[in-house]
Colleague: 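To start, I am sharing the structure in question, which I have written as structure tokens.
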2 protein chains.
Amino acid sequence: MGRMPTFLGQYTYTLDEKGRVSLPAPFRREAEEQRFVLLQVHPPALALYPESAWREVEDRLRGVLRNDPDARYWVLRVMSSAVEVVPDSQGRILIPSRLQDCAHLSGQVLMVGVIDKVELWNPSEFEGAVEGKEGDFARYAPQIFR
Amino acid sequence: MGRMPTFLGQYTYTLDEKGRVSLPAPFRREAEEQRFVLLQVHPPALALYPESAWREVEDRLRGVLRNDPDARYWVLRVMSSAVEVVPDSQGRILIPSRLQDCAHLSGQVLMVGVIDKVELWNPSEFEGAVEGKEGDFARYAPQIFR
DNA sequence: GAGGCAGTGGGGAATAGTGGGGATCCAGGC
DNA sequence: GCCTGGATCCCCACTATTCCCCACTGCCTC
């Protein structure tokens, strides 16, 4: 098996009237495979997993179900929000309107590469979520960028 | 895999109208690999990691995400500032305008080799950041240059 | 003095993002 | 049963950006 695709960077693209967004070319190149899974993991963001990374998530879900019966409904909820998406010949993916609503997407979509997945955000909500996190640099940077 | 590249010294080069800077030839020779990751670690400086060093950072980021859910937004912030950059055939890298703004870069860029990465500074801000730190010599030098 | 390397500048071609047309399929209504 | 409206999918087309390459200059070496 090849190296797992990894993602980084941010791109803001338009969500057209048909509910499509272009997947940034670097992301497309990274995941030369075709299929992705799109779902809501950390609301309000959507998460887009390339197939290979999704399989690992699936394994972990199986594990949780085995060890913790209370997780059943949570797993149901997560899985029911998921869709398999395949880029069209122009490299765009279709975001079902149900998921657009969950993530408050319209007009512009911010796509952020976060290691093994891509997160889709309403641009201003993302701004609000990460602003004021400069203080955390002192907390985390020494152990990460040592 | 070969030895990790290490960098030292400072070079001031021009940022041209297309947003490109030449990577100093010694740095290029050191990292004969092609790809780098450019991001904002300690504002206002930018950090340029050769691919091999970046992979280690990425592993540590994965770890922090797993162990400390509070780190999520900080990781998002860091990853969203990142870009993969590849020197062109003249050995220049392109600095996206978003990052130029973050680091207040224009005209001249100061590139400092700091062990496993290269930092990019606005020359006068660098001046301000390190000035008045002479006293620290007495504090650190004995244990380092013993 | 000639050759090579390094930094800088710029132009042309391939690519990426975006919009939209048209065919196919399904559901509902007449 | 047939027609109609809507949704989905697939492909074509336009344009601005990006990137790739060629070219110039100064310096250092041989």
Side-chain angles (χ1 to χ4, degrees), chain A residues 5 7-38 46 48 50 82-101 105-113 118 120-123, chain B residues 5 7-38 48 51 80 82-101 105-113 118 120-123:
Chain A
F7 308 96
L8 52 81
Q10 64 171 47
Y11 302 84
T12 303
Y13 287 159
T14 70
L15 181 69
D16 70 19
E17 299 200 348
K18 295 184 176 180
R20 302 173 297 184
V21 251
S22 287
L23 211 48
F27 293 173
R28 253 182 282 156
R29 269 191 288 271
E30 191 63 27
E32 74 247 359
E33 24 167 344
Q34 294 293 322
R35 297 154 56 181
F36 293 83
V37 171
L38 179 67
L46 300 181
L48 182 72
V83 214
E84 179 173 320
V85 294
V86 181
D88 68 17
S89 56
Q90 273 66 43
R92 289 173 292 199
I93 56 169
L94 178 72
I95 304 183
S97 55
R98 173 173 50 84
L99 288 177
Q100 289 179 39
D101 295 344
L105 300 181
S106 72
Q108 299 289 101
V109 179
L110 177 67
M111 316 182 75
V112 183
V118 177
L120 281 68
W121 283 81
N122 172 317
Chain B
F7 310 97
L8 54 82
Q10 64 167 305
Y11 302 84
T12 304
Y13 287 159
T14 71
L15 182 70
D16 70 20
E17 298 201 348
K18 292 185 174 180
R20 301 174 297 186
V21 250
S22 287
L23 212 48
F27 293 173
R28 250 182 284 156
R29 270 189 288 273
E30 189 63 25
E32 75 244 1
E33 24 167 344
Q34 295 294 320
R35 296 154 56 180
F36 293 83
V37 171
L38 180 66
L48 182 71
E51 196 185 8
S80 71
V83 217
E84 180 172 320
V85 295
V86 181
D88 67 16
S89 55
Q90 274 65 41
R92 289 172 294 198
I93 57 168
L94 179 72
I95 304 183
S97 55
R98 172 171 52 83
L99 287 177
Q100 289 178 38
D101 295 344
L105 300 180
S106 72
Q108 298 290 101
V109 179
L110 175 66
M111 316 182 76
V112 186
V118 177
L120 281 68
W121 284 81
N122 172 317

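Convention: sequence-line order gives letters A, B, ...; per-chain numbering from 1.
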Colleague: Please compare A:Asp88 and A:Tyr11 by the position of their nearest nucleotide in DNA chain C and report the one closer to 5'.
Modeller: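 The residue closer to the strand's 5' end, by nearest nucleotide, is A:Tyr11.
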Colleague: Which part of the nucleic acid does A:Leu23 contact within heavy-atom distance under 4.0 Å: base, sugar-phosphate only, or nothing?
Modeller: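 Here A:Leu23 touches the backbone only, sparing every base.
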Colleague: Taking N and O atoms by type only, does the side chain of A:Arg20 place a donor or acceptor under 3.5 Å from a partner on the base of C:dG17?
Modeller: no
Colleague: Could you tell me whether the side chain of A:Leu46 reaches within less than 4.5 Å of the side chain of A:Leu105, counting heavy atoms only?
Modeller: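 In contact.
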Colleague: Mind calculating the distance between CG (B:Asp16) and C1' (C:dG11) to the nearest angstrom?
Modeller: 14 Å
Colleague: Which whole-number value in Å describes the distance from B:Arg98 CZ to D:dT17 P?
Modeller: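 Rounding to the nearest Å, CZ of B:Arg98 and P of D:dT17 are 17 Å apart.
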Colleague: To the nearest angstrom, how far is B:Leu94 atom CG from D:dT17 atom P?
Modeller: 14 Å
Colleague: Taking only side-chain N and O atoms of A:Arg28, does any of them lie within less than 4.0 angstrom of OP1 or OP2 on C:dG17?
Modeller: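 For C:dG17, OP1 or OP2 has a side-chain N or O of A:Arg28 closer than 4.0 Å.
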Colleague: Are A:Leu120 and A:Leu110 close enough, and set up right, to give a side-chain contact (heavy atoms from CB on, under 4.5 Å), and what steps lead you there?
Modeller: CA-CA 6 Å; A:Leu120 281 68; A:Leu110 177 67; over 6 Å; no
Colleague: With respect to B:Phe7, which candidate in B:Val118, B:Val112, B:Leu48 satisfies the side chain to side chain contact (heavy atoms under 4.5 Å, CB included) definition?
Modeller: B:Val118
Colleague: Roughly how many Å is it from CD in B:Glu84 to C1' in D:dT18, rounded to a whole number?
Modeller: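 After rounding, the reported distance stands at 15 Å.
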Colleague: Could you check how far CD1 of B:Ile95 sits from P of D:dC19, rounded to whole Å?
Modeller: 14 Å
Colleague: Any donor-acceptor pair under 3.5 Å between the side chain of B:Gln90 and the base of C:dC5?
Modeller: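 Not at all, since no donor on one side and acceptor on the other fall under 3.5 Å apart.
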Colleague: For residues B:Pro96 and B:Leu38, report the shortest heavy-atom separation together with the two atoms involved.
Modeller: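 Looks like CD-CD2, 4.4 Å.
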Colleague: Is B:Thr14 near enough to C:dT8 that one of its side-chain N or O atoms lies under 4.0 angstrom from OP1 or OP2?
Modeller: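 For B:Thr14, the contact criterion (side-chain N or O under 4.0 Å from OP1 or OP2 of C:dT8) is met.
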Colleague: In this structure, how many angstroms lie between the C1' atom of C:dG19 and the CZ atom of A:Arg92, rounded?
Modeller: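 Interatomic distance, CZ of A:Arg92 to C1' of C:dG19: 8 Å.
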Colleague: Can you tell me if B:Arg29 touches the phosphate of C:dA6, counting only side-chain N or O atoms and a distance under 4.0 Å to OP1 or OP2?
Modeller: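 For C:dA6, OP1 or OP2 has a side-chain N or O of B:Arg29 closer than 4.0 Å.
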Colleague: Closest heavy-atom contact between A:Arg92 and A:Arg20?
Modeller: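 Taking every non-hydrogen atom into account, NH2-NH1, 3.4 Å.
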Colleague: Rounded to whole angstrom units, what separation is found between the NZ atom of B:Lys18 and the P atom of D:dC20?
Modeller: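 It is 12 Å, rounded to the nearest whole Å.
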Colleague: Nearest whole angstrom, please: distance from the P of C:dG9 to the CG of B:Leu15.
Modeller: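 The answer, rounded to whole Å, is 10 Å.
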